[in-house]
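Here is the structure we will look at.
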Amino acid sequence: MSAATPSWGPQAAVPHAQVGRKLGDHHVIFVAGGVIAAIVIVISAIAALVHPNPPPCALYCGPQSQPPLPAASTYTNRAHGFSIDYPAGELTVAVDQADLVEFHSDGGPIDFRVVRAASLDDAISQAQQQLDGSEFQDMQEVGSVRGAELGYVPGKGAVWSATYQPSDGGDSGPVRIAIIAAQSHGLTVVATMFSDYDSDTDLAPYGLSGAQTFDYPISGFHFPGQ
Amino acid sequence: MSDTTPAQGNALVRCPHCEEQVPAGAYCGSCGGHLGEEQPHRRHSYAAAPYESVHRAAVISTLFPHLPHRNAHVFREVFGGGVAVVILLAALRLYTPATLAAALLLPVLYVLYLYEVEVYEHEPWSVIAATFITGVVLGTVYSLVLSHFSDLALNGTAHGPFISGVVLPVIILLLMVAGPLLLLDRAHFDETLDGLTFGVASALGFTLAVVVAGEWHVLTTTLRGSGVPADSMLRIVRGGIVAAVVNATTAGLITATLWQRRHRHAAGRHRSAWRGLPASALVAFLAQIGLALASYFIDDLLLDVIVWAMAAMLLLVWLRVVLHHALLDEGAEHHVGPLGVCAECHHVVPTMRFCPDCGAARSAAPKHLRSGAIPTTEAPA
């Protein structure tokens, strides 16, 4: 309880301008906006200078020359300007066309195809429909690929289960098929891969036994200008 | 702002909640209860911002509680405008500027807030170092260590749900409250809102560092990005803004209740196990774990952002309820001081724990305005 109750008069309001305040409205707006804008502009300018946007393709878009990674080979597609780093000891280029490059490995094949599509979902749908139904039987969608990327470009992806019946009459067996699509600078690329089914999903994400092999070219994919 | 006619003269009335003799007004200056209501909780009037309801998911008046409402509006407008600019930049595929603006928006506003309300009193640098800078350093270290153990894998993460959904969120929350612990024993930082402010500042610094370090590959690529703008927009808003609010709320919840428990200024009238430190820590950890698991299992980005946004709103309301009752409980000491200006409503009132006119807790006022000094030219007769 208080020791003494002072005298207080009628409650009056003090004009707002006379109540102490360290920052006015304009200070808050200009300082916050200025600091954020300054940092954003400086770092964006650095990004633009270090990695300028490539000029739009006219008659010819040549591939960017990049130093190869140690113990890695680089495939470059001259028609569209993209490149793919891949481990030469594990993958070999089996098909090299303007719109398609296909690698073979012990884990299974993976191909990268340039497509024209209205959306990434459309691109994935196109790639899935191009799979031969007589070879890939009983296809069932397993789910989407979380964090799907080609290189560092975010995209979309989906995984299917199927029974693979080789066209040469070999033994059939369960496989998993993954399709990842991404778009950059107007170029839409779809990566399609499949390999034997492996139930150990820690080692084989989504049951793709060749996932570890596929990771390398997917991570090493470079859109033009990257 | 009161609904009742201001008291004239030196009238004293008996507060029905704390039973003290207090100056007549809309609110009890001692316990903060509304003198015209039977219930002492005054849920329509948040103790730090009495013009707002307690159950309102407001970012500024919850995480910036020392701001009087006349100063808060500009912070609210800058925050809203900043979010709009982030969305616009992302829509234009300017992902580097959008990511940076999203990551910087709340931290920059919070540093301005610390300066405006002087929570740090006479120790600005030690408080900034123990909270914001420590958060930035720990966030950077966390990101670097995590990236060392992660690979770009086909499923987007090298970790399973236990690591991604349980272990990492727990580590994140512990790191965010680590810095403020350095200030726990400072005798002059003894209020619940001191703990809240330190926790929020640390969390915002941590989140800023994690976003910048985690998105470094985006920041250092071409200025105009590729990909689907809507997806990138959602990622940026979730990572830079919604996650910052979630982190600030959960860390602030823990540090506020920790400060309340440590310094024990509570009268105990509003004590509840649901609003204590163990319950608050449980809510904070469960929220972080639940959201991490949701992000792990939800493939649809829009749904993921909606889940995060709803969780952020619920956490803000929970934090407000905890702060509201902590502020009401801190009004234990009954003392009627000299006349002074209320920092919230600017009325000249007896200096007490709560403004008898608007009900604002004096401990929620900017520290340099708590003396309530009356401007000489406008002092009442």
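Quick caveat: nothing in here was measured; it's all calculated off a predicted structure. All chains are named by letter (A, B, ...) in the order of the sequence lines, taking the proteins before the strands, and each is independently numbered beginning at 1.
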Is [X] in contact with chain A via its backbone, its side chain, both, or neither, using a 4.5 Å heavy-atom distance?
X	result
Tyr113(B)	neither
Glu118(B)	side chain
Leu105(B)	both

Heavy-atom distance under 4.5 Å to chain B: side chain of Ala32(A), backbone, both or neither? both
So what's closer than 4.5 Å to chain B heavy atoms on Val28(A): side chain, backbone, both or neither?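 Val28(A) touches chain B through backbone and side-chain heavy atoms alike.
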Once rounded to the nearest 0.5 Å, what's the spacing between atom CG of Asp25(A) and atom NE2 of His73(B)?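 Separation between the atoms: 3.5 Å.
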Interatomic spacing from CD1 in Ile36(A) to CG in Leu109(B) - rounded to 0.5 Å: 6.0 Å
Identify the heavy atoms of Ala101(B) and Val40(A) that sit nearest to each other, and give their distance.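 Here Ala101(B) and Val40(A) meet closest at N-CG2, 3.8 Å.
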Does a sphere of radius 6.0 Å around NE2 in His27(A) hold more than 12 heavy atoms from other residues, nucleotides or ligands, not counting ones at 6.0 Å or beyond? no
